[in-house]
Amino acid sequence: MAEVIFDADERLWLLTTATTSYALRLDDSDVPKHVYWGPALTIGQVASIKVPVLSKISSVDGITDEELLVEGGSRFDAPSLQVKFSDGTRAFEWKYVDHTVDDGHLAIRFTDRHYPLEVVLHYRIGAGTDVIERWTTLRHTGADDPITLLRTDSASWFLPYRSGYQVTHTIGGWASEFRTQETPVPYGETVFTSRRGTSSHQANPFLFVHAGDEVWSGALAWSGSWRITLRHTANGQTSFTGGFGHEGLSWRLNPGEEWETPVFAGLYSADGLEAASRRWHAYVRNHVLPHADETRPVVYNSWEATEFDVNVTNQKNLAARAAELGCELFVMDDGWFGGRTHDAAGLGDWTVNLSRFPGGLNPLIAEVHRLGMRFGLWVEPEMVNPDSELYRRHPDWVMHMPNRTRTTMRNQLVLNFARTDVAEWAHKWLDQLVGQHEIDFLKWDMNRSFSEAGWPAGADQDRLWLDHVRHVYAIIDRLRADHPGLRIEACSGGGGRIDLGMLARTDQAWISDNTDALQRIDIQRGYSLIYPARTMSAWVTDSPNPFTGRAVPLAFRFHVAMAGVLGIGGNLLNWSSSDLAEARELLSQYKEIRHVVQHGVQYQLSAGPVTGVQYVLGKEVVVLLWRPTVNFGLPQLPVRLKALDPAARYSTGSAEYDGAVLLHHGFEPALPAGDYASAMLHFTEVTPS
């Protein structure tokens, strides 16, 4: 049970999560000091930790155990909070004011000892989770000059002394997102960051720091530029701090104004990296997603079939094929609006192209609904082509700087959503689009990074990096409030903007434009380090794959995509009758097991050349296995399952197994011969006769 206890004599707070404890205290100078983060302790046990270990180190080394490391005094590590007052003073000195506790939310209020700045440290625990949400608010309590904010991280997280810390995170690029990296934690400061205006393809705002089976992890709920600094000092202290923005940016805090940082959530796990991932999955499902209890439909998306050559006829033909397969949501992608006949024109002109859709969208939508499917539409509200009516009318609406070239990427410029007039324009046309048509689903794309992120008329230039994202959030929040049936997929040229902040506002995520089934195995595994299968869109597309040219059997493509929210993205008009029949059967199988995949507990499997994933929900177990290549001369290793009842029996319908055997010895899967072999098995716990 989530609980916050305060020991007034010790000036000590203890936060109790489902299975762990977190503690901090005030020292004699009112500095909030980290005390403990690990397995559950009582308030008395934590109180016996009279002095944090770090404070025993010579003061020459400086203060390193501060809950939010500030600049000033004998502090020499990367600060979490940097401010500059009007007279040039940059240091901050803590003065405790009070604290409040409300339903698992602890807020500790401080002021500076001289200057008019209030700092509140927030901690929140949700029921049934070990994740602690932390963020910070700053308030200018004076009436005169603004305060300059140079760095405002959400939280610092301190780890106990351990030897051999490793850090696990992801790297990547467009169409190669979520590549997992594990390295020793080096001495000094390691910075994980995005300076792109999005959480980015190149990195994702989470990390796991681990020693043995103990894992301390953090994830930032922010969809713009971000920075996480992993600190490892020469005296052995390890910590990480993170928040929005990146180096070189600053903001003004005006008198009376409040500044709130995004949540930087943390999780301790004592049973390994994979178990930590499962705890993050449960947190996302139970505390982040807006409709976590829903089971996501099977989608068909028309992009790879038609690209920009869309019209009412080919979309209806594709919809008919998709409905025959059993798809439940038809999404028309790019090319339906303005002069958007290729990627260099029309973006920003969000009116239906009547030469392609003479009756507008409604005839197609009506046909899709008649076929028993929901209707979805691709949009990219934050972008504009220079060759568009919108840009010709409002060239000042894009991010730009005086006397600097407006850099195009993908033939696009970025609309400045920090401007309220641009944000209101975007909300208006989106609201009308959804409200005037029976649109059930939006695929919200965002295909390029920020450049020339300026605003000549703006008073506080660097706030663009933050206010753009905040206005994107606000638009999505308003759309969902006004259209409760609307569901949204997060997309940014694939996985370029996936994080806890975006998942709090969307229902699923398009994690990569790369649909090659073989490469998808690694992309999906990296994504699953922190994000659950319930959020992961995964398509079956044509073979040879349009990205890699790799030819892969249809069953293998399906079995890889079944590991998340299944979708179809190939050109069904060119599929053979045998492929369509096989796809219909595989899709039907997915519908029988998707509740387990999307809502169950996930486990990674490996047995020689065979890898896979297992899901457990109640008495049901789903196993997906993939063997890309055959290794001649090597026996097939048994696949050992996880988290079963050793005393139970499990049936696939055609065979029964003892739980203990599946756990401790495993079974040899009946995979097809040759490369790219795969299988899906659905086990059910049975009562012995």
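- Counting only N and O atoms by type, the side chains of Glu177 and Ser512 include a donor and acceptor under 3.5 Å apart.
- In plain terms, the two heavy atoms of Leu230 and Ser239 that are nearest each other are CD1-O, 3.4 Å.
- When all heavy atoms are compared, the tightest approach of Arg279 to Asp130 is NE-OD2, 3.4 Å.
- Contact check on Arg505 versus Asp477 returns a salt bridge, with a Lys/Arg side-chain nitrogen under 4.0 Å from an Asp/Glu carboxylate oxygen.
- Smallest separation of non-hydrogen atoms from Arg75 and Val70: CD-O, 2.7 Å.
- In summary, Lys95 and Asp30 do not engage in a salt bridge, as defined by a charged side-chain N under 4.0 Å from a carboxylate O.
- At distances below 3.5 Å, not a single donor-acceptor pair connects side-chain atoms of Ser200 with backbone N or O atoms of Gly496.
- Between Trp157 and Tyr22, the distance from one ring center to the other falls under 6.0 angstrom.
- Side-chain N or O atoms of Ser80 include none that pairs as donor or acceptor with a backbone N or O of Asp153 at under 3.5 Å.
- In summary, of the residues considered (His468, His471, His427), a ring pair (Phe, Tyr, Trp, His ring centres under 6.0 Å) with Phe417 occurs for His468 alone.
- Aromatic pair Trp94/Phe92: ring centres closer than 6.0 Å.
- Not less than 6.0 angstrom separates the ring centroid of His114 from the ring centroid of Phe85.
- Separation of the Trp135 and His105 ring centroids falls under the 6.0 Å cut-off.
- Between the Ser492 side chain and the Met446 main chain, a donor and an acceptor come within less than 3.5 Å of each other.
- Using a distance-only test at 3.5 Å, with no hydrogens or angles considered, a donor-acceptor pair links the side chain of Ser217 to the main chain of Leu267.
- Using a distance-only test at 3.5 Å, with no hydrogens or angles considered, a donor-acceptor pair links the side chain of Ser154 to the main chain of Pro262.
- The cationic atom of Arg470 (NZ for Lys, CZ for Arg) lies less than 6.0 Å from the six-membered ring centre of Trp259 and within 45° of the ring axis.
- For Tyr165 and His232, the distance between ring centers is not under 6.0 angstrom.
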